[in-house]
Asker: 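What follows is a single structure, and I will ask about it in a moment.
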Amino acid sequence: MTNRTHLRTCSLCEATCGIRIEQSASGDIVSIKGDKSDPFSRGYICPKATALQDLHNDPDRLRQPLKKTASGWQEISWGQALNEAAEGFDRIQKAHGRNAVGSYLGNPNVHNYGNLLFGPLMLRAIGSRNKFSATSVDQLPHHMASYFMFGHQLMVPVPDIDRTDFLIVMGGNPLASNGSLMTAPDIKNRLKSIRERGGRILVIDPRKTETADVADEHWFVRPGQDVYLLLSLLYVFTHELQAQLPPLPDYVDSQSLAPLCVDFKPENTAPVTGVSADNVRELAKRWLSAESAVCYGRMGVSVQAQGALCQWLINVLNIVSGNFDRAGGAMFTRPAVDLLKVTAAQGGRGHYNKFQSRVRGLPEFGGELPVSALAEEILTPGEGQIKAMLTVAGNPLVSTPNSGQLTKAFESLDFMVSVDMFLNETSRHADLILPPCSPLERDHYDLIFNVLAVRNVAKYSPPLYKRSRWGKDSVREDWQILLSLAKKLNRGSFGKRLENRIMYGMMGLLKPSGILNTLLKSGPYRMTLDKLKKSPHGIDLGELQPCLPQRLFHKDKRLQLTPETYLQALQSLTLPQFLPQPQADEFTLIGRRHIRCNNSWLHNSQRLTKGKSRCTLLMNTEDAAQRGVEEGAQVKVTSRVGEVVATAELTDALMPGVVSLPHGWGHHQPETRLQVAARVAGVNCNELTDDQQIDTLSGNAALNGVAVTLALA
Ligand SMILES: Nc1nc2c(c(=O)[nH]1)N[C@H]1C(S)=C(S)[C@@H](COP(=O)(O)OP(=O)(O)OC[C@H]3O[C@@H](n4cnc5c(=O)[nH]c(N)nc54)[C@H](O)[C@@H]3O)O[C@H]1N2
Ligand SMILES: Nc1nc2c(c(=O)[nH]1)N[C@H]1C(S)=C(S)[C@@H](COP(=O)(O)OP(=O)(O)OC[C@H]3O[C@@H](n4cnc5c(=O)[nH]c(N)nc54)[C@H](O)[C@@H]3O)O[C@H]1N2
Ligand code: SF4
Ligand SMILES: [Mo]
């Protein structure tokens with residue numbers, strides 16, 4: 001008997017690498033390697049790809065629904081689990097109203113096209129306003145800028161790194177994260193190519209990161225102060241280099257820009273950003289003289305106090321400098337499934353501040369509330385209080401701010417259901433855990449990441465294991481779980497219920513793959529699923545093409561460069577000279593990622609966690625010397641909301657006054673079933689991040705730039 005080769009896309013991060021899985025005749029995985037014939041990833045994979053095997057075989061991964069009982073967790077049948085889940089939500093909503101059930105969708109939902117297609121059905125069936133997701137600890141400022149400027153929340157510009165001559169990276173570390181809102185597998189070689197063709201890369205980050213190490217230049221910036229740097233660049237563009245600015249494209253509507261940034265002369269901003277006025281001017285000049293240039297701003301500049309203004313300003317600078325919708329600048333994709341058109345037709349272009357969170361009055365975006373408001377919505381009594389939660393593929397108790405408070409909130413819930421493959425920090429609070437199959441047991445298509453990719457590509461992956469290997473009543477796909485919940489929660493008038501039943505029935509019969517086929521056929525390439533199946537390495541659909549103004553989603557096909565919402569926020573921005581001085585013993589906490597982590601949930605893979613602990617407190621060497629902190633010392637880190645004790649790791653790569661902890665750790669609760677993760681536990685940095693510290697415009701959490709004090713433990 002010979003081995004079989006299975007080709008698919010790795011679904012763990014946004015890079016969408018092609019992998020080759022070698023499988024023995026008995027079905028065991030022999031190896032996972034990069035697929036050299038994948039036209040997009042060209043053989044590249046990172047160490048996490050092999051974790052797909054660990055995940056699949058992980059004895060701690062749940063294979064059967066779990067119910068919390070007085071005598072511990074009990075395995076129950078799917079029928080019972082789904083009935084009890086629906087009955088629980090129904091009971092709470094009958095007693096306290098629709099909004100009493102809250103939901104939280106985590107990051108892996110966007111890596112799972114079944115969830116993307118069936119999740120909305122389930123949320124509609126619940127019918128609560130209290131919807132939350134990982135978006136508001138991540139990329140909400142990007143969606144907001146896209147909605148206001150281009151008319152669709154998903155119309156996110158992608159840096160055309162394969163053709164640019166000058167890449168400016170702010171607050172992103174693609175060498176660790178493999179890129180985000182920029183699907184670009186094999187990022188290291190893609191960046192290398194920029195330099196090989198004579199281009200340049202500048203990284204602006206409070207840490208000299210792995211990405212900075214392969215760039216031409218790196219500048220420190222003080223966490224959370226990027227908005228001032230961006231405004232000072234706009235100042236130089238519009239007050240000093242205006243003669244060199246190309247005319248704005250004629251589809252752009254804009255207020256006069258020079259008055260907007262008049263207070264942000266580089267000399268005024270340098271003291272707060274740490275970037276000298278000379279450097280600002282030099283960057284502005286280089287930017288305008290480059291053949292093509294693009295600024296790419298990610299997590300570090302969206303998950304901070306001025307995230308919304310930052311992402312808007314980055315778009316503004318890319319547009320004003322003449323680097324928008326052209327090769328080497330910021331561009332848009334033409335994906336085989338035109339998710340923008342499909343969602344626009346269903347009212348999904350986005351909306352802002354149509355309603356507000358009950359307690360703090362934070363704005364909704366696209367029908368979701370900021371997750372920073374979740375704890376108070378559970379803990380504050382009154383009409384509309386959340387009494388029950390549904391989490392799907394999310395670990396908010398580790399991933400969202402002020403975990404201490406959120407843990408208390410979850411402890412107070414009357415009922416909770418988690419759709420998750422692990423009994424972890426979040427699902428341990430659930431009454432029922434409904435575990436989906438492993439990624440290798442389902443088919444895969446990247447509905448989202450093809451919209452965000454640096455090339456137009458399409459690839460379909462069939463399941464490796466067609467059927468669960470753990471018996472008939474075992475794991476199901478997420479979409480089946482979500483659809484079953486929707487069916488059971490179907491309520492309303494007889495007519496409405498019937499209409500829903502027919503829709504559920506049809507979608508269930510089609511399955512995600514049938515819906516995908518329809519979407520492909522109606523897409524710009526009139527693709528079919530069959531055609532994709534015949535190209536198991538994936539199909540290259542070419543480089544990004546200019547598409548404006550036709551592609552804009554504002555009815556008048558105009559691009560709004562200066563939406564009123566942003567101008568108002570700009571007016572209330574504290575001028576740099578009036579910013580409070582940091583306290584003498586205060587440090588600023590930022591996050592970081594490691595190539596062998598994936599948010600909070602791959603630490604149960606032995607091969608990804610072995611070796612030295614990575615959950616350390618990075619600290620600048622000089623700062624440490626001044627405070628008597630030695631390498632390996634135990635340091636107590638305290639913020640307004642919590643404290644943790646972490647091991648110090650000293651480095652010159654961190655800006656003075658800044659400390660860094662990675663997120664996703666802190667696996668120390670005894671009730672979880674994460675044997676490997678518990679051994680490497682680490683600390684949860686979100687016990688320090690503050691639910692009250694948000695980007696006021698978008699409501700996104702400001703997880704970077706948290707004021708902390710340090711003491712030897
Ligand atoms: N301090 C700090 N905090 C951060 C960040 C930071 O940089 N710093 N980053 C933020 C960002 S960008 C994000 S996206 C969030 C992530 O926040 P979350 O999405 O809440 O957290 P994850 O760690 O991704 O948890 C994913 C959960 O989904 C489960 N899971 C994995 N795959 C599947 C699946 O296919 N189906 C189902 N049903 N479950 C699945 C896992 O077991 C895990 O419980 O964290 C945020 N938190
Ligand atoms: N290996 C791995 N890959 C991942 C993930 C993972 O957990 N592990 N998570 C995935 C997810 S959900 C996401 S959203 C992406 C995120 O992808 P990236 O945005 O690339 O995420 P990070 O690596 O956290 O990079 C953020 C950078 O911002 C810097 N930074 C912090 N504060 C500031 C600031 O105030 N200003 C500036 N200019 N920079 C700042 C940090 O030092 C860090 O280098 O990664 C994805 N890929
Ligand atoms: S970079 Fe790693 S985790 Fe991300 S898709 Fe590629 S192999 Fe998977
Ligand atoms: Mo994320």
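Indexing begins at 1, ligand by ligand and atom by atom, following the structure's order.
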Asker: Can an N or O of H594 be found at a distance shorter than 3.5 Å from an N or O of ligand 2?
Answerer: yes
Asker: Under 3.5 Å between some N or O of ligand 2 and some N or O of C597?
Answerer: yes
Asker: Please compare P206, G172, S177 and report which has the shortest non-hydrogen distance to atom 4 (C) of ligand 2.
Answerer: S177
Asker: When you compare ligand 2 with N107, is there at least one nitrogen or oxygen pair between them that comes in under 3.5 angstrom?
Answerer: no
Asker: Taking the minimum heavy-atom distance to atom 44 (O) of ligand 2, which of N599, D205, L12, L589 ranks first?
Answerer: D205
Asker: Hey, is E22 close enough to K33 for a salt bridge, meaning N to O under 4.0 Å?
Answerer: no
Asker: Go through it in stages, so that I can follow the logic: the residues are T16 and T9, the test is side chain to side chain donor-acceptor pair (under 3.5 Å), and I'd like the CA-CA distance, side-chain angles, deciding distance and then a yes or no.
Answerer: CA-CA 6 Å; T16 72; T9 302; over 6 Å; no
Asker: So which of P223, G179, G171 gets nearest to atom 28 (O) of ligand 2, if we judge by its closest heavy atom?
Answerer: G171
Asker: Within ligand 3, which atoms have a heavy atom of L12 less than 4.0 Å away?
Answerer: 3 (S)
Asker: Output yes if C17 passes the N/O/S-under-2.8 Å test against atom 6 (Fe) of ligand 3; output no otherwise.
Answerer: yes
Asker: Which residue holds the protein heavy atom closest to atom 33 (C) of ligand 2, what is that atom called, and what is the gap in Å?
Answerer: G300 O, 3.4 Å
Asker: Does any N or O of ligand 2 fall below 3.5 Å from an N or O anywhere on K48, backbone included?
Answerer: yes
Asker: Run the side chain to side chain donor-acceptor pair (under 3.5 Å) check on N684 and S403 step by step: do they pass?
Answerer: CA-CA 8 Å; N684 176 4; S403 305; 2.9 Å; yes
Asker: Would you kindly say whether T616 and R592 are connected by a side-chain donor-acceptor distance under 3.5 Å?
Answerer: yes
Asker: Looking only at distances, can you tell me whether any N or O atom of V301, backbone or side chain, sits closer than 3.5 Å to an N or O atom of ligand 2?
Answerer: no
Asker: Students should be able to answer this: which protein heavy-atom is nearest to atom 25 (O) of ligand 2, and at what distance?
Answerer: N173 N, 3.4 Å
Asker: Under 3.5 Å, N or O to N or O, is A176 touching ligand 2 that way?
Answerer: yes
Asker: For G300 versus N704, what's the shortest heavy-atom pair and its separation?
Answerer: CA-ND2, 3.8 Å
Asker: Kindly confirm or rule out an N or O of R593 lying under 3.5 angstrom from an N or O of ligand 2.
Answerer: yes
Asker: Would one find an N or O of M299, backbone or side chain, under 3.5 Å from an N or O of ligand 2?
Answerer: yes
Asker: Which atoms from ligand 2 have a heavy atom of R298 less than 4.0 Å away?
Answerer: 14 (S), 19 (O)
Asker: Could you find the nearest protein heavy atom to atom 14 (S) of ligand 2 and give me its residue, atom name and distance?
Answerer: D138 OD2, 3.0 Å
Asker: Considering residues, nucleotides and ligands other than E622, do more than 12 of their heavy atoms fall under 6.0 Å from its CD?
Answerer: no
Asker: Are the side chain of R61 and the backbone N or O of M421 linked by a donor-acceptor pair below 3.5 Å?
Answerer: no
Asker: I need the contact type for N598 against ligand 2. Using non-hydrogen atoms and a strict under-4.0 Å cut-off, is it side chain, backbone, both or neither?
Answerer: both
Asker: Tell me which one of L229, V301, D695 satisfies side-chain contact (heavy atoms from CB on, under 4.5 Å) with C310.
Answerer: V301
Asker: Which residue owns the protein heavy atom closest to atom 4 (Fe) of ligand 3, what's the atom, and how far is it?
Answerer: C13 SG, 2.3 Å
Asker: Set out, in order, the CA-CA distance, both residues' side-chain angles and the distance that settles side chain to side chain donor-acceptor pair (under 3.5 Å) for S461 and H444, then state yes or no.
Answerer: CA-CA 5 Å; S461 314; H444 179 79; 5.7 Å; no
Asker: Less than 6.0 Å separating the ring centroids of F220 and H218?
Answerer: yes
Asker: Measure the acute angle between the ring planes of F365 and H143, then classify it against the limits of 30° and 60° as parallel, tilted or perpendicular.
Answerer: parallel
Asker: Show the atoms of ligand 2 that are less than 4.0 angstrom away from any heavy atom in G224.
Answerer: 34 (C), 35 (O)
Asker: Any N/O/S atom from C10 (main chain or side chain) under 2.8 Å of atom 8 (Fe) of ligand 3?
Answerer: yes
Asker: Which ligand 3 atoms, with their elements, are less than 4.0 angstrom from a heavy-atom of K48?
Answerer: 3 (S)
Asker: Please give me the minimum heavy-atom distance between C10 and L52, naming the atom from each residue.
Answerer: SG-CD1, 4.0 Å
Asker: Backbone, side chain, both or neither: what part of N178 comes under 4.0 angstrom of ligand 2, heavy atoms only?
Answerer: neither
Asker: Check whether any N or O atom of D226, backbone or side chain, sits under 3.5 Å from an N or O atom of ligand 2, and answer yes or no.
Answerer: yes
Asker: Using a heavy-atom cut-off of under 4.0 Å, does the side chain or the backbone of I595 touch ligand 2, or both, or neither?
Answerer: backbone
Asker: Among all protein heavy atoms, pick out the one at the shortest distance from atom 2 (Fe) of ligand 3; state its residue, atom name and that distance to 0.1 Å.
Answerer: C46 SG, 2.3 Å
Asker: Is any side-chain N of the basic residue among D540 and K459 closer than 4.0 Å to the acidic one's carboxylate O?
Answerer: no
Asker: Does the side chain of V158 reach to within under 4.5 Å of the side chain of V156, using non-hydrogen atoms?
Answerer: no
Asker: Please work out whether the ring planes of H603 and H667 are parallel, tilted or perpendicular, with thresholds of 30° and 60°.
Answerer: perpendicular
Asker: Given that the side chain starts at C-beta and the backbone is N, CA, C, O, which of these parts of N598 lies under 4.0 Å from ligand 3, counting heavy atoms, or is it both or neither?
Answerer: neither
Asker: Can you name the atoms of ligand 2, numbered from 1 with element, that are less than 4.0 Å from a heavy atom of I204?
Answerer: 38 (N)
